[in-house]
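Residue numbering restarts at 1 for every chain, and letters A, B, ... go by the order of the sequence lines. Not measured: the values here are computed from a predicted model. Values below: every heavy atom of this structure, side chains too, minus hydrogens, waters and symmetry copies.
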2 protein chains.
Amino acid sequence: MNTPQATQQDVGGPASGKQRLVEAALRLAARDGTTLSAVGLREMAREAGLNHNTFYRHFRNAEDLVGAAAEEIAAQLMVGLKAVRQSAARHADATVGAVEYFLDFVEANPDVIVVGTRELHSLASPMRAVLQRVLETIAQESVAQITSQNLVKLESREQLFQVSLDITRYMFSHGLDLIDRPQDRRVIAAKLVAHIRRQFLGSIAVQQLEARKQLET
Amino acid sequence: MNTPQATQQDVGGPASGKQRLVEAALRLAARDGTTLSAVGLREMAREAGLNHNTFYRHFRNAEDLVGAAAEEIAAQLMVGLKAVRQSAARHADATVGAVEYFLDFVEANPDVIVVGTRELHSLASPMRAVLQRVLETIAQESVAQITSQNLVKLESREQLFQVSLDITRYMFSHGLDLIDRPQDRRVIAAKLVAHIRRQFLGSIAVQQLEARKQLET
DNA sequence: ATTCAAAGTAGCCAACTGTATACCTAACTG
DNA sequence: CAGTTAGGTATACAGTTGGCTACTTTGAAT
């Protein structure tokens with residue numbers, strides 16, 4: 001039949017075929033609770049409204065698609081969470097702000113969280129390494145912001161990074177809970193805030209403890 | 001052909017058909033990095049060395065199998081981590097002991113961790129709820145042990161539980177890192193220990209802060 | 001205006017999947 | 001001992017899958 005086609009350079013238009021395939025893959029993986037690599041070419045082409053052979057025009061393997069999806073998710077996370085951080089900085093309580101804006105992001109981009117958390121915990125997935133680097137980068141940017149605003153009695157830069165990384169991972173993982181039980185947003189938010197406070201205070205306490213130990217010698 | 005059979009009540013013998021199917025499913029899910037529900041009846045029967053129809057003698061659906069696998073993993077985790085906790089209590093430093101024995105458990109049961117962490121982060125999986133309850137139970141038992149030995153200036157029982165739960169989840173998730181990079185055991189152990197210390201100290205600090213606040217009013 | 005490559009389509013194939021029906025056999029039960 | 005049943009097997013079927021080759025359309029460059 002050969003229905004109408006288009007060679008748009010995406011910008012604005014109804015998304016290029018490649019993009020549509022990636023989005024379809026994410027949608028299906030999120031809906032069916034499968035790993036990205038288990039989605040199947042044909043199903044995903046169907047979901048994207050394309051012939052199944054079109055897949056091969058854009059990707060070699062299924063693994064190749066996962067790589068592209070990883071880039072997509074990474075990009076969305078980077079810009080989304082950057083916005084979260086900046087909004088949080090203008091909030092009366094930066095911690096509460098970070099949590100609330102983050103949960104807004106989760107509600108607006110559930111697929112990213114659903115697929116992202118699962119792939120992050122799948123050893124075989126090529127996306128895992130990408131996501132780990134994304135979380136590290138976000139943590140590093142948080143450290144920069146925290147130190148520049150003197151939000152926390154600084155401690156060793158390395159410790160601050162570890163804490164930020166743990167918090168970032170914690171929030172990421174617990175985004176799932178919000179998607180699972182949207183009506184529990186308030187208690188989830190409270191737990192996140194409590195966790196963050198505990199981490200920072202604990203970090204300071206550890207620092208003091210080590211300083212005291214060093215004095216004793 | 002109809003090869004020899006047996007109606008053993010498992011105990012000791014070479015495992016019942018049901019058991020063998022569950023084990024095969026876990027092995028395959030761990031090996032291929034897929035979700036349990038994506039393993040496929042035939043492949044799993046093949047791995048178990050059984051005819052594919054035998055599956056239906058033991059399970060109705062694929063979902064049914066996942067449920068049984070959940071029970072299996074839950075049981076292994078409960079007994080394994082109980083042993084970890086008890087060994088840790090006899091260690092000079094309970095925290096270091098808990099971490100080291102836990103990592104031993106991870107190295108001895110990689111499939112449980114690999115599959116467990118992935119299913120725990122899969123919304124659709126019936127195993128997720130089971131694992132959440134397992135982690136909660138383990139956290140509660142830890143609380144009991146901690147209070148009975150007066151290891152931590154007690155704080156509110158509820159706070160202690162939250163901290164234990166966070167720590168349990170943290171360790172569980174980071175078991176994957178050990179499987180991913182077995183040569184990094186020492187740094188992973190160090191990070192786990194640091195995290196646990198930070199959590200407990202942070203929890204105490206939060207408690208003190210709140211007490212002080214209450215005095216001011 | 002012609003050429004050309006990129007993006008899409010169509011149809012085919014062998015392999016595999018889940019499921020259903022029918023058959024076999026060991027062990028327990030009356 | 002006869003009967004029943006739980007666990008195992010064989011075979012068949014329709015639907016799906018990944019991958020192949022061959023054709024068509026499109027937009028852009030020459």
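Residues B:His174 and B:Ile188 come closest through the heavy atom pair O-CG2, 4.4 Å. Shown here for B:Gln140 and B:Phe161, the closest heavy-atom pair between the two residues is CG-CE1, 3.8 Å.
Between B:Arg197 and B:Asp93 there is a salt bridge, with a side-chain nitrogen of the basic residue lying less than 4.0 Å from a carboxylate oxygen of the acidic one.
In this structure, the side chains of A:Arg57 and A:Lys18 stay at 4.5 Å or more apart for every pair of heavy atoms. Using a 4.5 Å heavy-atom threshold, the side chains of A:Leu165 and A:Arg169 count as touching.
Contacts classified as ring pair (Phe, Tyr, Trp, His ring centres under 6.0 Å) and involving residues 69-103 of chain A (residues at least two apart or in different chains) are not found.
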Handout entry: Worked verdict on B:Asp177 versus B:Lys191 for salt bridge (charged side-chain N to carboxylate O under 4.0 Å, His left out)
Key = CA-CA 11 Å; B:Asp177 293 343; B:Lys191 281 187 186 171; over 6 Å; no
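To the nearest angstrom, P of D:dG18 lies 13 Å from CG of A:Leu21. The CZ atom of B:Arg46 sits 14 Å away from the P atom of D:dT9 (whole-angstrom rounding). One can place CZ of A:Arg20 at 11 Å from C1' of C:dG8, the figure rounded to the nearest angstrom.
Picking from D:dA10, D:dT17, D:dT21 the nucleotide with the shortest atom distance to the side chain of A:Asn53 gives D:dT21.
Looking at residues 55-71 of chain B, you'll see B:Tyr56, B:Arg57 sit with a heavy atom under 4.0 Å from some atom of DNA chain C. At a non-hydrogen distance threshold of 4.0 Å, A:Arg42 from residues 32-44 of chain A come into contact with DNA chain C.
In terms of polar N and O atoms assigned as donor or acceptor, the side chain of B:His52 comes within less than 3.5 Å of the base of C:dT19 in a complementary pairing. Scanning atom types as modelled, no donor and acceptor separated by under 3.5 angstrom connect the side chain of A:Asn51 and the base of C:dG11.
Between atom CG of residue A:Leu135 and atom CD1 of residue A:Ile167 there is a gap of 13.0 Å, rounded to the nearest 0.5 Å.
Residue B:Ser16 has no polar side-chain atom (N or O) positioned under 4.0 Å from OP1 or OP2 of D:dG7.
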